[in-house]
Amino acid sequence: MINFKSKKSIIIISSTIVVVTLIISLFVINNKQTKIDITFLNIDEPLMEGKYSTFLNDNKDLLNNTTNKKYTYDATKFIGDKQLTLEDNNINTYTLNEGESFTVNVNVDKLGLYKLNLSYYLLTDEYGSNEISVSVDDACQYDEARQITLQEEWVDDNEVSYDRYGNDSLPEQIKQKVLLSYTLRDSSKLYDEGLYFKLKSGDNKITISSVQGDVKIASLTLIQDGKLISYNDYFKGEVEDSTYVTTYEAEDYVSKNSSSIQKGSSSDVNVTPFSTYRNKLNVIGDSSFNEAGNRVDYTVDVLKEGYYYITVKALQTEKNTTSYRTIYINDTVPFLEAYQIPFSYDSSWQNVTLGALDGTPYAFYLNKGVNKISFEVNVSKMRVINEKLSKLSTEMNQLGLEVTRVTGNSTDSEIDWDMSEHFPNIEQTFANWIKEINEILAYLKNANGYEGKSYLTSDISTALSNIEKLANDINKLPTRLTLLSSGSSCAAQYLSNQISSVTTSSVTFDKFYIHGSKAKLSKAKANGFKTMWVKTKRLLNSFVDQNYVSESKDALKVWTARSRQYCNVLQKMVDDDFTKKTGIKVDIELLADESKILLANA
């Protein structure tokens, strides 16, 4: 039995420590990071055989020779073994099952590069993706065309549900079976625009094959469009001169393009909706909305047409980095700069008015009534870094294998090796690697806009240090392969670790505002004393809160070493399904230390 006086003393002491700590933190000087102007340096792109980047480079003259023209072919023009299906909306569709193909004979006015847009219904099971390949005149023009992922549309069940502890529960996700229109893009979403295909003047045969999943295709449209206009050409008016402001919660999206995108829960006093003691689904972002191409859609309603500012309450805590989002207005990127909307690092919540790299705000034209606004994760400026890291890592591993073959994997330090005898260009190879890695680091620093190191550049800098050490005494390479290509601390591994990291970009959204030029927005950060008070209340409540204490002695206990939110989700699934079916009560309990299991088995 807990002694009351002892418990009271613990509360008083703990509360005092928290209060003092918080008061001190209010007066600590904030260690601001040194910012520089964001620029995207020119960097040589590795042109590898069969890659889309090489295809674009080989046909760059055609990119500047485009006209705004479209050619649409409905399902009646498709050539295949299947009969057409007439849908409820009187649209004919061709059913393309996995492993099957159909062709379309198209005719264009002139030689050029064309994007392909498909209208389709997805037939694949809930969590299975649909992938197709595209060839022109029986040839695949680049590797990325062999595996193109069709876009999906998901919605959340609007029914609000809670777990046994009174916390918000993640809603059920529903994959839409509606007619979708999608301009084909590379599956990695490393390019801003849709994929281009080269068509000759006159007749061409386009073949579409299903690599994975089943789909009903209604039409194919060839699109040849010019370059997107700049913001200066887009903005031809004045921003709504008023105090008008409407607030939209970021977690209240109407649709999304991936089931991996989930609403998040933040206990931060700065977010809304907020609860002192319970978990609320009140944000979107971080690790569930950070993969290239992830997109969420919202509907907004304005009283009259015109130009408005859009301000997002955001949290971007990746030190010394800048995340980018693409903005769509009614399913269209309105101007070129809207592909790259920056969200810079800050340790606290901030109100970010969508704008240019230098902070100049952009105004977006909205129609009177309902409009659709979408945010998409954009990492296209990191594509060349992704390709360079992959190339360098491959080259280092290849050299490591060749050195091992020559030396017989000998690490005898008494052997004097002459590396130039076996690899005449080895010194130049290392010089090129050092040059390329320095270019990568310079590019990342300028693209992020910070002098200091980020989580990305730290590993890359370590790889550079390894390569420089080896270059200083190249003949010691056989005994120092752990610096180049062997083990978890080699240069190749450090670079390889960041290949996937450059294709993710994190930022958390709490809400966003549509507003006029004179609107006054709520502050992004709460009063420091409010934060202190809430933390104190939570600490005191932790001594008396019995929510996570099982009331049933005969309940089956399951330990799991996962996050509290994960345990809550699992508990609700068990309560709603297993317990209802079997009558067996189950308590999912958090295991803070896995070593306890080992000790129990000892």
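Please read all numbers here as calculations on a predicted model, not as lab measurements.
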Legend entry - Sidechain N-carboxylate O distance under 4.0 Å for Glu387, Lys51: no
Inset, instruction - May I ask you to check whether Ser380 and Asp192 show a side-chain donor-acceptor distance below 3.5 Å? - result: yes
Inset, instruction - Please confirm whether Tyr142 and Phe197 have ring centers closer than 6.0 angstrom. - result: yes
Inset, instruction - Dump the intermediate steps for side-chain contact (heavy atoms from CB on, under 4.5 Å) on Ile440 and Leu495, then the final yes or no. - result: CA-CA 11 Å; Ile440 290 172; Leu495 297 181; 6.0 Å; no
Legend entry - Step-by-step side chain to side chain donor-acceptor pair (under 3.5 Å) determination, Asn472 to Glu468: CA-CA 6 Å; Asn472 289 334; Glu468 289 175 336; over 6 Å; no
Legend entry - More than 12 heavy atoms of other groups within 6.0 Å of Lys391 NZ: yes
Inset, instruction - Nearest 0.5 Å please: distance from the OG atom of Ser465 over to the CD1 atom of Ile434. - result: 10.0 Å
Inset, instruction - For the pair Thr429 and Phe423, evaluate side-chain contact (heavy atoms from CB on, under 4.5 Å) and give the outcome as yes or no after the intermediate values. - result: CA-CA 10 Å; Thr429 296; Phe423 306 98; over 6 Å; no
Legend entry - Lys435 and Glu439 ion-paired at < 4.0 Å: yes
Inset, instruction - Begin from the C-alpha positions of Asp416 and Asn475 and carry the test side chain to side chain donor-acceptor pair (under 3.5 Å) through to its verdict. - result: CA-CA 7 Å; Asp416 293 327; Asn475 291 325; over 6 Å; no
Inset, instruction - Show your reasoning for whether side chain to side chain donor-acceptor pair (under 3.5 Å) applies to Asp510 and Trp349. - result: CA-CA 9 Å; Asp510 175 33; Trp349 288 94; over 6 Å; no
Legend entry - CG on Leu116 to CD1 on Ile148, rounded to 0.5 Å: 8.0 Å
Inset, instruction - Without swapping roles, check the side chain of Tyr191 against the backbone of Arg185 for a donor-acceptor pair under 3.5 Å. - result: no
Inset, instruction - Please determine which of Gln173, Gln262, Glu153 meets the side chain to side chain donor-acceptor pair (under 3.5 Å) test together with Lys256. - result: Gln173
Inset, instruction - Go through Trp433 and Leu484 one step at a time and tell me if the side-chain contact (heavy atoms from CB on, under 4.5 Å) criterion holds. - result: CA-CA 12 Å; Trp433 287 346; Leu484 178 67; 3.8 Å; yes
Inset, instruction - Determine whether Lys35 and Tyr345 make a side-chain contact, defined as any pair of heavy atoms from C-beta on separated by less than 4.5 Å. - result: no
Inset, instruction - Quickly, which of Asp286, Thr321, Thr508, Asp346 forms a side chain to side chain donor-acceptor pair (under 3.5 Å) with Gln316? Name it, please. - result: Thr321
Inset, instruction - State whether a side-chain donor-acceptor pair under 3.5 Å links Thr360 with Asp358. - result: yes
Inset, instruction - Taking atom CG of Asp418 as the centre, report whether more than 12 heavy atoms of other residues, nucleotides or ligands fall under 6.0 Å from it. - result: yes
Legend entry - Pairwise distance CG(Leu228) to CG(Asp233) - rounded to 0.5 angstrom: 10.0 Å
Legend entry - Worked check of side-chain contact (heavy atoms from CB on, under 4.5 Å) between Tyr196 and Tyr52: CA-CA 9 Å; Tyr196 284 103; Tyr52 182 59; 3.4 Å; yes
Inset, instruction - Please assess Trp154 against Tyr127 for the test ring pair (Phe, Tyr, Trp, His ring centres under 6.0 Å), listing each intermediate value before the final yes or no. - result: CA-CA 10 Å; Trp154 293 78; Tyr127 293 98; 5.2 Å; yes
Inset, instruction - Decide whether Gln340 and Asn378 meet the rule of one side-chain donor and one side-chain acceptor closer than 3.5 Å. - result: yes
Legend entry - Distance, nearest 0.5 Å, that separates CD of Gln151 from CG of Leu184: 11.0 Å
Legend entry - Aromatic contact, Phe364 with Tyr234 (centres under 6.0 Å): no
Legend entry - Flag for Thr39-Asn446: side-chain donor and acceptor within less than 3.5 Å: yes
Inset, instruction - Answer yes if the ring centres of Phe509 and Phe343 are under 6.0 angstrom apart, and no otherwise. - result: yes
Inset, instruction - Please say whether more than 12 non-hydrogen atoms of neighbouring residues, nucleotides or ligands are located less than 6.0 Å from CD in Glu402. - result: yes
Legend entry - Within 6.0 angstrom of Asp473 CG, more than 12 heavy atoms from elsewhere: yes
Legend entry - side chain to side chain donor-acceptor pair (under 3.5 Å) evaluation trace for Lys511 with Thr272: CA-CA 8 Å; Lys511 64 184 68 175; Thr272 58; 2.8 Å; yes
Inset, instruction - Keeping the roles fixed (side chain from Thr322, backbone from Pro342), state whether a donor-acceptor pair exists under 3.5 Å. - result: no
Inset, instruction - Go through the steps to decide whether Tyr298 and Phe512 satisfy the test ring pair (Phe, Tyr, Trp, His ring centres under 6.0 Å), and finish with yes or no. - result: CA-CA 10 Å; Tyr298 301 87; Phe512 66 93; 5.0 Å; yes
Legend entry - Asp37 atom CG, over 12 foreign heavy atoms within 6.0 Å: no
Legend entry - Rounded distance (nearest 0.5 Å) linking atom NZ of Lys313 with atom OG of Ser522: 8.0 Å
Legend entry - Sub-4.5 Å side-chain heavy-atom contact between Lys453 and Ser461: yes
Inset, instruction - Give the C-alpha distance, both sets of side-chain angles, the deciding distance and a yes or no for ring pair (Phe, Tyr, Trp, His ring centres under 6.0 Å) between Phe335 and Tyr362. - result: CA-CA 10 Å; Phe335 48 88; Tyr362 293 140; 5.1 Å; yes
